[in-house]
There are 2 protein chains.
Amino acid sequence: MNTDNKEQNTESEILNAAKRIFLLKGMDGARMQEIADEANINKSLLHYYYRSKQLLFEAVFKSAFSMLAPQLNAVMNDDSPLFDKISNFTYNYISFVAKHPYLPNFIIQELNRNPEFLNNLMNEKHFPKIDKFKKQLEEQIAQGTIRTIKAEQLFINIMALNMFPFLASPLIKAFTNTNDIEFKQLIDARKTEVADFIINSIKI
Amino acid sequence: MNTDNKEQNTESEILNAAKRIFLLKGMDGARMQEIADEANINKSLLHYYYRSKQLLFEAVFKSAFSMLAPQLNAVMNDDSPLFDKISNFTYNYISFVAKHPYLPNFIIQELNRNPEFLNNLMNEKHFPKIDKFKKQLEEQIAQGTIRTIKAEQLFINIMALNMFPFLASPLIKAFTNTNDIEFKQLIDARKTEVADFIINSIKI
DNA sequence: GTCTATAGCCAGATAGAC
DNA sequence: GTCTATCTGGCTATAGAC
């Protein structure tokens, strides 16, 4: 139906526009007028579809988080060998985030202001949990194929090495004295180098 | 003089209060009234001393950055052997940030919204530059004491492993299923483990 | 469903008394 | 230097016509 399509179009137009603005400026920095302009519609339509700025923001946050969570879940829960897992995750994650550079920063920023957001999400099925990864790691340590390291620490290190460059890009560019193109090349090289760095560190 | 002391007291009271609020809520989220309350003074005094919210914020940012920069400068510019440098930096940095947990996130967040802030700071003498670190690293690689790695990548890795846990603590706590006390213990262990992780990876 | 107009509030900034 | 009172603009949200 025409009406149904129009509804869906406008509603998802709004969500997409809101994503672009909220990811760029955050909850506090974003303006409803800006989102309306971005979606080429009237400001009052935002309230018609989403009632309030807060609810629109929550829809955006949930959508953004559901893009990121499966990526992280890949480290935790799949059955490939440890080193393959690290290599694949690194390659896939950096490729993914290079296309959505504001995503990790947005998630982390808004979680710092509002950690309770996680309460709703933690019970969902795609929410990453460390147990399986921990078991796999402990088995390999027992077999003597890798050094002793706590699963939590290794997981933090994997996340850190992959996510940090996107969080701190202005700082990194300034300190390493690289322009946008050189920085992009650094990131690109990390698709394989990060995994090498990690594996070198834990293999015996 | 009495008057001078009072001036200095009020002015630095304001700056300290502003730091606490801005670090917690960021430029967009902070309210001048909140800062005035935090400093136990009247709102109009903020304008008397700092003219505008923007100028007060810039004073806070500059002060915060000047606390962090010397820490990072330690990796880049001093004369100790590479492995010592990495160990010392890791220990010192994590100890330092554990006392100022909002500092790195504040800097990174506001730089993402406003990368031009770095333009003013880059010419100051304490601003970290990579050249010396790069030279040291290349010498060691030529001598065959460490693996081949670009200085930029190693520097990013050192920053990432040290800073990330403070940036993403809500996410890490949720994924690794740790409470505040357990998380503090993880961080504490990293004062030495992070350096081991890095050195293991690059030593031959 | 979509628009215009406006209510109502809150924040940053200033005027002016003391 | 410090206060109270107030201006002014901008923002979220709603009322109501079409």
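The model shown is predicted, which means the values in this text are computed figures rather than measured ones. A, B, ... follow the sequence lines: proteins, then strands. Residue 1 opens every chain.
To the nearest angstrom, C1' of dC11(D) lies 13 Å from CG of Asp28(B). Separating the CD atom of Gln33(A) from the P atom of dT14(D) is a distance of 16 Å, rounded to the nearest angstrom. Atom pair Tyr50(B):OH and dT14(C):P shows a separation of 17 Å (rounding to whole Å applied). For the pair Lys53(A) NZ and dT12(D) P, the interatomic distance rounds to 5 Å; values are reported in whole Å. Rounding to whole angstrom units, CZ of residue Arg51(A) and P of dT14(D) are separated by 6 Å. Atom-to-atom, NZ of Lys43(B) to C1' of dG12(C) comes out at 6 Å; the value is rounded to the nearest Å. Counting to the nearest Å, the C1' atom of dC10(C) and the CZ atom of Arg31(A) are 12 Å from each other. Computed from coordinates, the Met32(B) CE to dA11(C) P distance equals 12 Å when rounded to whole Å.
A salt bridge is defined here as a Lys NZ or Arg NE, NH1 or NH2 lying under 4.0 Å from an Asp or Glu carboxylate O, and Lys150(A) with Glu193(B) fails to meet this definition.
In this structure, Tyr102(B) has its ring center at least 6.0 angstrom away from the ring center of Phe106(B). Ring centroid separation for the pair Phe22(A) and Phe57(A) comes in under the 6.0 Å cut-off.
Residue Ala30(B) is classed as a sugar-phosphate contact, given heavy-atom separations below 4.0 Å to backbone atoms only. Across all strands, Ser44(A) comes closer than 4.0 Å to base atoms (heavy-atom distances).
Checked by distance alone, Thr10(B) brings no side-chain donor or acceptor within 3.5 Å of a matching partner on the base of dT2(D).
The shortest distance between the side-chain N/O atoms of His47(A) and the OP1/OP2 oxygens of dA13(D) is below 4.0 Å. Residue Tyr48(A) places no side-chain N or O under 4.0 Å from the OP1 or OP2 atom of dA13(D).
The closest side-chain donor-acceptor pair between Asp37(A) and Gln33(A) falls under 3.5 angstrom.
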